[in-house]
Protein chains: 2
Amino acid sequence: MSGDRRVRRTRRLVQQALVELILEKGYDAVTVTDVIARADVGRSTFYAHFTDKQDVLFSNLDELAFLHRLPAAGETGELFAFSRPMFEHVREQERLVRALLGRRSGGLVQARGEELLAAAVRNELVAAGARPSAELDLLVVCVVGAFMGLMRAWVDGATSASPAELDAAFRAAVTPGVRLALPPDGCAGSGPVTVVGG
Amino acid sequence: MSGDRRVRRTRRLVQQALVELILEKGYDAVTVTDVIARADVGRSTFYAHFTDKQDVLFSNLDELAFLHRLPAAGETGELFAFSRPMFEHVREQERLVRALLGRRSGGLVQARGEELLAAAVRNELVAAGARPSAELDLLVVCVVGAFMGLMRAWVDGATSASPAELDAAFRAAVTPGVRLALPPDGCAGSGPVTVVGG
DNA sequence: CTTCATACCGAACACATCGTACGGAAACGG
DNA sequence: CCGTTTCCGTACGATGTGTTCGGTATGAAG
């Protein structure tokens with residue numbers, strides 16, 4: 001990989017320690033002192049690699065970067081194709097996601113996630129024939145808000161629904177409204193777009 | 001009013017100081033020491049009234065809590081009657097809301113706001129004839145998520161839409177999906193319920 | 001294996017913030 | 001006017017932060 005083996009080791013230990021501690025105590029309650037104790041790493045070593053706690057948090061984000069290769073509409077012929085794979089993926093990476101997105105960590109990561117998702121959703125809707133406009137952007141905000149709301153509720157343990165049920169709930173709540181913002185059937189460009197309900 | 005004049009004065013000074021400082025530095029960067037300096041209040045006095053920073057934040061929220069007297073469905077015969085008044089109210093209290101809900105303050109207030117709103121929305125839907133169930137709760141999460149998403153986008157300056165436009169966007173995105181979860185017209189108990197579009 | 005670079009350790013440091021305690025001064029309500 | 005409550009100011013111990021520095025050990029390259 002890149003560089004010294006000792007470096008990789010240290011970074012990995014610190015990242016893992018932070019995730020564990022967030023899950024135990026919540027982001028705010030975790031101190032740098034906690035992290036270096038759990039990681040069994042010298043204090044000066046920590047600050048040689050990271051500037052602070054938040055820096056470690058964000059360094060973890062790269063591992064969640066499957067966000068960048070979301071399936072796009074047109075490929076699958078289905079709107080919001082990201083929904084179910086996302087819920088599935090989250091269940092697999094449960095520990096990390098819970099640490100990053102949960103109510104116990106700052107809203108920092110959530111904000112970034114919303115941006116990425118909003119861009120993807122907007123592209124999808126435009127590809128499906130929606131006219132770019134201020135109204136469309138507000139619709140996108142609503143769609144993303146609903147999705148992230150479900151995600152938060154799930155991660156915070158407010159619901160025990162399965163990925164399939166969450167996906168269904170998301171579509172049931174959102175697609176009827178989205179449909180009205182799309183042009184009537186049978187004309188759009190890139191392939192057959194269907195809004196699936198279950 | 002309630003109690004000693006000195007008490008009211010102190011609490012008011014502290015609350016105002018916190019809001020000012022959040023707007024200047026962001027919630028996380030504000031310290032109790034900052035607050036008591038700005039409020040010109042003794043340290044021990046602060047802790048005589050509040051347990052910590054977050055306590056002050058939440059005490060502010062209560063005064064914003066026209067959330068508790070949200071017009072319920074059945075009274076107005078209109079679903080989500082809270083929407084437009086809320087956006088209007090937010091515009092008036094812009095400084096405070098920006099301080100409380102903005103990306104600069106922790107997700108604390110947002111989480112609490114979501115809870116209050118979720119309870120209200122759920123009551124409305126049940127009053128409108130929806131059967132309490134796990135699916136209903138997920139629908140509520142979506143509705144609240146969409147609303148809060150709009151709120152955040154607005155507060156963060158991502159859109160310059162008017163309260164009326166935000167209200168319209170919210171309803172356009174959400175009501176079609178909600179309708180499908182309600183029983184067909186003409187039977188529910190408490191008065192005529194109509195889902196208004198614009 | 002030797003050499004050299006560099007990452008690590010550990011302890012100490014100055015600094016900031018927190019939450020509490022206490023006696024005396026001030027302001028309140030009646 | 002007087003008893004009560006609140007406020008002030010200061011000081012305190014505890015905890016966390018981010019940096020510095022000399023010595024050690026572990027890595028990679030020849």
Side-chain angles (χ1 to χ4, degrees), chain A residues 1-60 62 99 102 104-109, chain B residues 1-63 99-100 104-109:
Chain A
M1 279 279 171
S2 60
D4 204 315
R5 180 184 305 161
R6 290 170 291 181
V7 175
R8 293 197 303 271
R9 179 189 126 95
T10 297
R11 294 184 63 93
R12 181 172 42 85
L13 287 176
V14 170
Q15 288 172 333
Q16 288 177 353
L18 179 64
V19 170
E20 287 178 22
L21 287 166
I22 289 179
L23 292 172
E24 293 173 13
K25 307 170 54 175
Y27 178 76
D28 292 327
V30 176
T31 69
V32 172
T33 305
D34 290 334
V35 174
I36 64 182
R38 174 70 59 98
D40 197 20
V41 150
R43 185 169 199 77
S44 48
T45 303
F46 175 93
Y47 284 106
H49 289 282
F50 306 98
T51 68
D52 52 19
K53 205 174 46 166
Q54 178 177 308
D55 192 25
V56 183
L57 191 68
F58 283 178
S59 77
N60 259 320
D62 299 337
R104 319 204 58 158
S105 88
L108 299 165
V109 177
Chain B
M1 282 280 167
S2 60
D4 204 315
R5 181 184 306 162
R6 291 169 292 179
V7 175
R8 293 197 303 270
R9 179 190 126 93
T10 297
R11 294 184 63 91
R12 181 172 42 85
L13 286 176
V14 170
Q15 289 170 332
Q16 289 176 353
L18 179 64
V19 169
E20 289 177 20
L21 287 167
I22 288 178
L23 291 173
E24 294 173 13
K25 308 169 55 175
Y27 178 76
D28 292 327
V30 176
T31 68
V32 172
T33 306
D34 289 335
V35 174
I36 63 182
R38 174 69 61 99
D40 198 19
V41 152
R43 184 170 200 79
S44 47
T45 304
F46 175 92
Y47 284 105
H49 289 281
F50 306 97
T51 68
D52 52 19
K53 203 174 50 166
Q54 178 177 312
D55 192 25
V56 183
L57 194 67
F58 283 180
S59 79
N60 252 320
L61 192 57
D62 292 338
E63 307 189 3
L100 293 177
R104 316 204 55 147
S105 89
L108 299 165
V109 174

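Convention: sequence-line order gives letters A, B, ...; per-chain numbering from 1.
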Exercise. Identify the heavy atoms of B:Gly3 and B:Arg8 that sit nearest to each other, and give their distance.
Key: O-NH1, 3.3 Å
Self-check item: Integer-rounded Å distance: C:dA12 P and A:Ile36 CD1
Solution: 15 Å
Practice problem: Using whole Å, report how far CZ of A:Arg38 lies from C1' of D:dG16. | Solution: 18 Å
Quiz prompt | Integer-rounded Å distance: C:dA7 P and A:Leu13 CG | solution = 16 Å
Exercise. Measure the distance from CG on A:Asp55 to C1' on D:dG18 and round it to the nearest whole Å.
Key: 14 Å
Quiz item: Over how many whole Å does the gap from B:Arg8 atom CZ to C:dA27 atom P extend?
Solution: 16 Å
Quiz item: Of all the choices, C:dC8, C:dC28, C:dG19, which nucleotide is nearest to the side chain of B:Arg5 once you look at every atom?
Solution: C:dC28
Practice problem: Considering non-hydrogen atoms only, spot the tightest contact between B:Gln15 and B:Val56 and give its length. | Solution: CA-CG1, 4.0 Å
Quiz prompt | Minimal non-hydrogen separation, A:Thr33 against A:Arg43, with atom names | solution = OG1-NH1, 3.6 Å
Quiz prompt | Atom-pair distance (CD on B:Gln54; C1' on C:dC18), nearest Å | solution = 15 Å
Practice problem: Would you classify A:Asp40 as touching base, sugar-phosphate or nothing, given that sugar-phosphate means primed atoms plus P, OP1 and OP2, and contacts are heavy atoms under 4.0 Å? | Solution: sugar-phosphate
Quiz item: In whole Å, what is the span from the CG atom of A:Asp28 to the P atom of D:dT17?
Solution: 12 Å
Quiz prompt | A:Arg11 CZ - C:dA7 P separation (whole Å) | solution = 12 Å
Quiz item: A:Ser44 near the nucleic acid: base, sugar-phosphate alone, or nothing, with a heavy-atom cut-off under 4.0 Å?
Solution: base
Quiz prompt | Least distance between heavy atoms, B:Leu18 atom then B:Val35 atom | solution = CD1-CG2, 3.9 Å
Quiz item: Taking all atoms of both residues into account, what is the closest heavy-atom pair of B:Val41 and B:Phe46, and its distance?
Solution: CG1-N, 4.1 Å
Quiz item: Is B:Thr31 near enough to C:dA16 that one of its side-chain N or O atoms lies under 4.0 angstrom from OP1 or OP2?
Solution: no
Give me the distances for all protein-to-nucleotides 1-6 of chain C N/O pairs that come in under 3.5 Å?
residue : atom : partner : partner atom : Å
C:dT6   : O2   : A:Arg6  : NH1          : 3.2

Quiz prompt | DNA chain C contacts among residues 46-53 of chain A, heavy-atom distance under 4.0 Å | solution = A:His49
Exercise. Measure the spacing between CG of A:Asn60 and CG of A:Leu57 and express it to the nearest 0.5 Å.
Key: 7.0 Å
Quiz item: Can any side-chain N or O of A:Lys25 pair as donor or acceptor with the backbone N or O of A:Thr31 at less than 3.5 Å?
Solution: no
Quiz item: Do A:Arg43 and D:dG18 have a side chain to base donor-acceptor pair shorter than 3.5 Å?
Solution: yes
Quiz item: Can you name the closest pair of heavy atoms from B:Phe50 and B:Arg11 and give their distance?
Solution: CE2-NH2, 3.7 Å
Practice problem: For the pair A:Asp55 (side chain) and A:Thr51 (backbone), establish whether a donor and an acceptor sit closer than 3.5 Å, ignoring hydrogens and angles. | Solution: yes
